[in-house]
Peer 1: 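So that we are looking at the same thing, I have put the structure below in structure tokens.
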2 protein chains.
Amino acid sequence: MRKAPEERRQEIVAAAARIGLTEGLERITLRRVADDLGVRSGLVGHYFPTAEDLVTEAFTSAAAGELDALLPETAGDRSRGSAVRVLQNFLARLSGPVFDDVSRLWLNARHLSRYRPVLNEGVVRQELLWCRRVEQVIAAGVAQGSFRCEDPWEAAVRVIAVLDGVNSYTNTSAQQRSAPLIDMVRTFTEAELGLPRDALLPHGPAADGSDREPRPADR
Amino acid sequence: MRKAPEERRQEIVAAAARIGLTEGLERITLRRVADDLGVRSGLVGHYFPTAEDLVTEAFTSAAAGELDALLPETAGDRSRGSAVRVLQNFLARLSGPVFDDVSRLWLNARHLSRYRPVLNEGVVRQELLWCRRVEQVIAAGVAQGSFRCEDPWEAAVRVIAVLDGVNSYTNTSAQQRSAPLIDMVRTFTEAELGLPRDALLPHGPAADGSDREPRPADR
DNA sequence: AGGTCTATTGAGCGCGTGAACAATAATTCT
DNA sequence: AGAATTATTGTTCACGCGCTCAATAGACCT
């Protein structure tokens with residue numbers, strides 16, 4: 001039962017992140033995490049003297065992990081493939097229902113940040129990290145001659161803003177809005193980067209535009 | 001001290017709405033509202049046997065009141081002025097810091113809806129109401145020949161989505177994103193409605209395009 | 001083997017919450 | 001005027017929360 005401090009700590013954060021991602025950050029309590037791990041709540045309190053620190057670390061772990069899955073750190077590196085393909089994959093993954101939990105998590109974290117300054121700091125850091133990662137991909141695409149874009153940073157911020165807007169309704173009226181919003185992030189990104197329509201469709205045209213796949217227009 | 005039931009009920013909802021708008025919906029508790037009104041918590045519980053109903057009604061009151069202030073019900077009526085002017089005023093009011101509380105409220109409500117089914121229903125109703133109100137203005141503008149737009153409903157949903165996206169960061173990194181986002185809602189709306197650049201600037205060009213006011217381009 | 005360190009326990013405190021309910025006082029009806 | 005109604009009070013309950021802390025027990029070192 002007794003484990004090395006570092007291992008136990010990671011175990012606690014992992015359990016907390018799982019709870020935060022699937023059930024909400026306010027469900028991360030000392031007792032709840034302890035129960036999931038089969039230990040006493042006092043132990044969790046031993047590793048995280050203030051609960052807010054645990055919540056913050058749990059969110060950071062979940063958000064950073066998801067970003068790495070969506071846009072690996074080396075995604076901007078041109079040796080890993082064209083920026084167009086990277087964005088295609090990125091946008092494709094956003095549509096899946098698995099991303100709903102992530103949307104909920106961001107909504108959760110952004111609201112909870114209103115009351116929790118430590119969490120607030122962590123959320124801001126992750127928000128900027130996500131934008132910066134997208135910015136790198138856009139900058140790489142501009143360098144490759146695939147995108148036309150004055151300011152990659154501003155484009156990235158705007159694309160993420162549309163993404164967050166579309167995902168605002170996961171808990172509420174997502175169903176009623178699906179038709180107008182289903183392709184909005186991709187369409188907006190294409191316009192922002194000076195790309196032809198449907199250029200960012202998954203498995204659509206690559207940088208050379210060779211394998212174009214027809215699709216009905218959505219607007 | 002003793003008041004007519006209807007009056008007392010409205011008083012309670014008004015107090016709860018004020019708390020929800022300024023301090024957050026989870027600060028609406030029986031005791032808190034009772035304290036603000038100088039009564040006992042049992043009384044509030046008498047009017048709202050379950051607290052969730054009070055929170056829901058408080059949110060509904062605040063959201064509906066704000067919508068009426070932003071886009072009066074008759075805004076779509078062409079007798080009240082051009083749709084262009086109505087949208088100009090609407091967009092102008094969104095920029096003010098007074099709207100920050102409203103953004104926070106929406107964020108709050110959308111997250112809390114994850115756990116509270118009754119609130120969820122109320123939030124969905126308000127979300128659709130806001131979209132429908134914008135849709136009416138757009139439809140009026142199309143009828144006036146001011147806008148070019150295939151589907152007013154879809155356009156409204158998309159405009160509101162961008163609005164919600166931009167306002168997602170009021171609690172967190174709003175400061176760091178201000179530059180790329182400051183005019184994004186207006187710019188997107190102009191594009192969505194087939195309007196020339198800056199056509200929706202406050203006190204900008206009316207439908208006839210007579211009183212155009214120069215402004216530096218923002219993109 | 002004995003001693004030291006510390007991960008882990010177990011129990012408890014104070015707080016704020018939603019909810020319940022009998023008692024009370026003001027209003028209204030007959 | 002008297003009775004019925006009900007708005008309002010005052011109190012209490014059980015719950016889950018973060019947090020504290022002395023006691024325990026497992027691991028490592030000499």
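Throughout, a chain's letter reflects where its sequence line sits, starting with A, and its residues are numbered from 1. This is a predicted model, so every value here is computed, not measured.
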Peer 1: Can a side-chain donor-acceptor contact be found between A:Gln88 and A:Arg85 if the only test is distance below 3.5 angstrom?
Peer 2: yes
Peer 1: Could you check whether atom CG of A:Leu129 has more than 12 heavy atoms from other residues, nucleotides or ligands sitting under 6.0 Å from it?
Peer 2: yes
Peer 1: Contact class for A:Tyr47 (heavy atom, under 4.0 Å): base, sugar-phosphate, or nothing?
Peer 2: sugar-phosphate
Peer 1: In whole angstroms, how far is the C1' atom of D:dC19 from the CG atom of A:Asp53?
Peer 2: 14 Å
Peer 1: I need the A:Thr170 OG1 to B:Arg114 CZ distance, nearest 0.5 Å.
Peer 2: 8.5 Å
Peer 1: Extract from the structure each pairing of a protein N or O with an N or O of nucleotides 26-30 of chain D at less than 3.5 Å, listing the distance.
Peer 2:
{"from": "D:dG26", "atom 1": "N2", "to": "A:Arg2", "atom 2": "NH1", "distance (Å)": "3.1"}
{"from": "D:dG26", "atom 1": "N2", "to": "A:Arg2", "atom 2": "NH2", "distance (Å)": "3.3"}
{"from": "D:dG26", "atom 1": "N3", "to": "A:Arg2", "atom 2": "NH1", "distance (Å)": "2.8"}

Peer 1: Please examine the side chains of B:Asp100 and B:Arg104, heavy atoms only from C-beta on, and report whether any two atoms are closer than 4.5 Å.
Peer 2: yes
Peer 1: For the atom pair CG (B:Leu67) and CD (B:Glu73), what is the distance rounded to the nearest 0.5 Å?
Peer 2: 8.0 Å
Peer 1: Enter the distance from B:Phe90:CZ to B:Arg133:CZ here, rounded to the nearest 0.5 Å.
Peer 2: 10.5 Å
Peer 1: Tell me every residue that passes ring-ring contact (aromatic ring centres under 6.0 Å, His included) with B:Trp153, counting only those two or more places apart in sequence or in another chain.
Peer 2: none
Peer 1: Using the heavy-atom set of chain A and a strict 4.0 Å cut-off, write down the first and last nucleotide of DNA chain C that makes it in, 5' to 3'.
Peer 2: C:dT6 to C:dG12
Peer 1: Going by heavy atoms closer than 4.0 Å, what residues in residues 108-119 of chain A are next to DNA chain C?
Peer 2: none
Peer 1: For residues 11-26 of chain B, dump all side-chain donor-acceptor pairs below 3.5 Å to protein atoms at least two apart in sequence or in another chain.
Peer 2:
{"from": "B:Glu11", "atom 1": "OE1", "to": "B:Arg8", "atom 2": "NH1", "distance (Å)": "2.8"}
{"from": "B:Glu11", "atom 1": "OE2", "to": "B:Lys3", "atom 2": "NZ", "distance (Å)": "2.9"}
{"from": "B:Arg18", "atom 1": "NH2", "to": "B:Asp36", "atom 2": "OD2", "distance (Å)": "2.7"}
{"from": "B:Thr22", "atom 1": "OG1", "to": "B:Arg18", "atom 2": "O", "distance (Å)": "2.8"}
{"from": "B:Glu23", "atom 1": "OE1", "to": "B:Arg32", "atom 2": "NH2", "distance (Å)": "2.9"}
{"from": "B:Glu23", "atom 1": "OE2", "to": "B:Arg32", "atom 2": "NH2", "distance (Å)": "2.5"}
{"from": "B:Glu26", "atom 1": "OE1", "to": "A:His111", "atom 2": "NE2", "distance (Å)": "2.9"}
{"from": "B:Glu26", "atom 1": "OE2", "to": "A:His111", "atom 2": "NE2", "distance (Å)": "3.3"}
{"from": "B:Glu26", "atom 1": "OE2", "to": "A:Tyr115", "atom 2": "OH", "distance (Å)": "2.9"}
{"from": "B:Glu26", "atom 1": "OE2", "to": "B:Asn108", "atom 2": "ND2", "distance (Å)": "2.9"}

Peer 1: Check whether any side-chain heavy atom of A:Glu154 sits under 4.5 Å from a side-chain heavy atom of A:Cys149, and report yes or no.
Peer 2: no
Peer 1: Walk me through it: do A:Ile160 and B:Tyr169 pass the test side chain to side chain contact (heavy atoms under 4.5 Å, CB included)?
Peer 2: CA-CA 11 Å; A:Ile160 296 280; B:Tyr169 317 110; 3.9 Å; yes
Peer 1: Apply the side-chain hydrogen bond (donor to acceptor under 3.5 Å, both in side chains) test between A:Thr172 and each candidate in B:Arg125, B:Glu127, B:Arg110, B:Glu121; give the one that qualifies.
Peer 2: B:Glu127
Peer 1: Between A:His46 (NE2) and D:dT20 (C1'), how many Å, whole number?
Peer 2: 14 Å
Peer 1: Indicate the ring-plane relationship of B:Trp106 and B:Trp130, choosing parallel, tilted or perpendicular according to the 30° and 60° boundaries.
Peer 2: perpendicular
Peer 1: May I ask you to list the residues of residues 22-43 of chain A, by number, that have any heavy atom positioned under 4.0 Å from an atom of DNA chain C?
Peer 2: A:Arg31, A:Val39, A:Arg40, A:Gly42, A:Leu43
Peer 1: Is atom CD of A:Gln176 surrounded by more than 12 heavy atoms (other residues, nucleotides or ligands) closer than 6.0 Å?
Peer 2: yes
